[in-house]
2 protein chains.
Amino acid sequence: MITMGDVARLAGVSKMTVSNVVNNRAGVSDQVRRRVLEAIERSGYRVNVSARTLRSGRTGVIGLAVPEIDRPYFGLLAAHVIDQAGRQGFHVAIEQTGGAADGEIDAIAHSHTLQFDGLILSAVGLHPDTRPPAETGYPIVMLGEQDFGGRFDHVAMPNEDGTRAATAHLIARGCRRIANVTGRFSQGLNVVTRRHHGYLTALGEHGLEADPALLVNLGEMTMAAGREAAHRLADSGRAFDGVVAVTDTVAQGVLRGLADRGLRVPDDVRLVGFDDVPEAEYMVPSLSTVAPDHAWMAARAVELVVGRIQAPLGPTDQHVAPFELVIRESTR
Amino acid sequence: MITMGDVARLAGVSKMTVSNVVNNRAGVSDQVRRRVLEAIERSGYRVNVSARTLRSGRTGVIGLAVPEIDRPYFGLLAAHVIDQAGRQGFHVAIEQTGGAADGEIDAIAHSHTLQFDGLILSAVGLHPDTRPPAETGYPIVMLGEQDFGGRFDHVAMPNEDGTRAATAHLIARGCRRIANVTGRFSQGLNVVTRRHHGYLTALGEHGLEADPALLVNLGEMTMAAGREAAHRLADSGRAFDGVVAVTDTVAQGVLRGLADRGLRVPDDVRLVGFDDVPEAEYMVPSLSTVAPDHAWMAARAVELVVGRIQAPLGPTDQHVAPFELVIRESTR
DNA sequence: TTGTAAGCGTTATCAA
DNA sequence: TTGATAACGCTTACAA
């Protein structure tokens, strides 16, 4: 392994000068800088990140904890976060939490071990009252879903407004018996309750009553669960002409489940999702959905962690992503 | 920050004994071990990975370089790799290469900086003649696609056999004019040429001729490109009753493109993909596809890197993943 | 503008 | 079975 000492000897300077060149610090004459750069080139030297980290206390790595990286939405998110972090000179290590509170707490504890400089946590299972482990020593930014009442920096989804707009759109299209396929209600405000609330608000604003028979609470927010929800709705005998799904992934399952029962979208039932995953545009029929600005969210989250890494203190920041309602075939 | 020294003082032993306990090394009396563990618990001590790495030369991190983490197939792959690596006590850092040779070479060079213990590279753009940078100093395992003629450890897809089976299945279903929607042919053996070859082999084995008008070479293997391919086929006026798509992602685009032109699957055209991404089962109609054993591949790849990390030398290993042909609605 | 010295937290080595 | 000592490669603080 080639060290700074080797380069220093080769260039005929001290280790410190090499360090200054490597880190682009001022106060090195052009001539010496050139000589050092040449020695680096010639020797194929690369800094030893561990040594730098040990000494400086910074790793240059941001952790990103997501439930499962193979769900389209989190893949999308990760891609954006990796891009944005790269722009700021950080690398990203991904943790899979499994969406359980356990895994998410592990991620917080683990990042300690891994010595991230900061953690972006896309929490879904964590209880809203959770407090950050007192001595984490690095900033945590919450991304997307769960709301922790201002105790963390937070980049939130437009959960309520988005679902409200989606529901209002179904109503404008003539739907009157609109189902809501969503997750399990747990205490506190979270993605599920907020989106459900947006649905209720829209119904209320248009003088419609929510029929409890048209509410499906899923244990998991997966395609498989969405499919079953559609089966349950179709088999219940209750009339329905619209479905508001809590996520695009669930919506894809619903779409499939409706097809299983011979219900046509949008002729018999109109369907709207949430997230605008890349697949939405390619489903048959293509899926209308709430499209939060994912790049914006990732940029904001990275900006927040990086900001905190540089200046840890100060009041927490709360952002809500802008969104657009994308209208496709499923609500034509 | 709490260090080993702190724990040592707390437990009334030396740093070295703490180190031995932390690393589960033999030769520590039960009594002392218990005392140290308790001190660790009480103080909330966590090892400093940078210091350990600096001293031991190992980072405990495996790099995974994929084109884009938001494509379903790579998300699936990453999830498996993260799982498997975790089982062996490694963490995974994901690099996005963008599928360009540049990015892939960057990933190799970068992992140097990042000090991975090893790299799993899912290369698609890299030229088959590429040699590993001579002084990488850590093992590289190729996963999935490109073939490098035995110069790297390699876990390959059943590209040729899988596509051959898929094509034979279409023929058995009565298809006679089968299109192949695939990527751009570049020199050497790669995922595209191998899969195309499997298609040709199956046609030949059943006495069918390949019609060049039914071959579509896509610049990108995306949903958007698949959709356009379907448009081109439908608009060409050439009859076709089956499509072999190079990946499920492309197949999803084809499915969408056929729907755009009012062609029904499987009634007018039968369609088969490759990969068995989670979405395949939920498409409308659900997609028949070649299902390589992804968990097996990830396990093998991790096993290979970890093996090389422990014993760097010896002849390279070549594996081909087992597969299954999953028959769904798109070829009923 | 450049160099020297010390030490970050861990583990390998060897001695007790 | 346990402990003292010396690195690992780098950067902070300060001296020249």
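Values in this document were obtained by computation on a predicted structure and should not be read as measured data. Each chain gets a letter, A, B and so on, in the order the sequences are listed, and its residues count up from 1.
Separating the CG atom of D6(B) from the P atom of dT10(C) is a distance of 9 Å, rounded to the nearest angstrom. As rounded to whole Å, 4 Å separates atom C1' of dC8(D) from atom CG of L54(B). If you measure from atom CE of M4(A) to atom C1' of dT2(C), you get 15 Å, rounded to the nearest angstrom. Taking atom CZ of R52(B) as the reference point, atom C1' of dC8(C) lies 16 Å away to the nearest angstrom. One atom, CG of N23(B), and another, P of dG9(C), lie 17 Å apart when rounded to the nearest Å. Whole-Å rounding puts the N48(B) CG to dG7(C) P distance at 18 Å. Here the C1' atom of nucleotide dG3(C) and the CZ atom of R9(A) are 16 Å apart, to the nearest Å. Going from atom CZ of R55(B) over to atom P of dG9(D) covers 9 Å, rounded to whole Å.
No side-chain donor-acceptor contact under 3.5 Å links E95(B) and T97(B). There is a side-chain donor-acceptor pair under 3.5 Å between R25(B) and S19(B).
The backbone N or O of I62(B) lies less than 3.5 Å from no partner atom in the side chain of D117(B), so there is not a single donor-acceptor pair.
OP1 or OP2 of dT12(D) sits under 4.0 Å from a side-chain N or O of R25(A).
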Review item, nucleotides 1-3 of chain D N/O atoms under 3.5 Å of protein N/O:
residue	atom	partner	partner atom	Å
dT2(D)	OP1	S29(B)	OG	2.9
dT2(D)	OP2	S29(B)	N	2.8
dG3(D)	OP2	S14(B)	N	2.9
dG3(D)	OP2	S14(B)	OG	3.3
dG3(D)	OP2	T17(B)	OG1	2.8

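Classification of the H80(B)-H294(B) ring pair by plane angle, with boundaries at 30° and 60°, yields parallel.
Residues meeting the salt bridge (Lys or Arg N to Asp or Glu O under 4.0 Å) test with R9(B), sequence neighbours left out: D6(B). Partners of R300(A) under the salt bridge (Lys or Arg N to Asp or Glu O under 4.0 Å) rule, at least two apart in sequence or in another chain, are E303(A).
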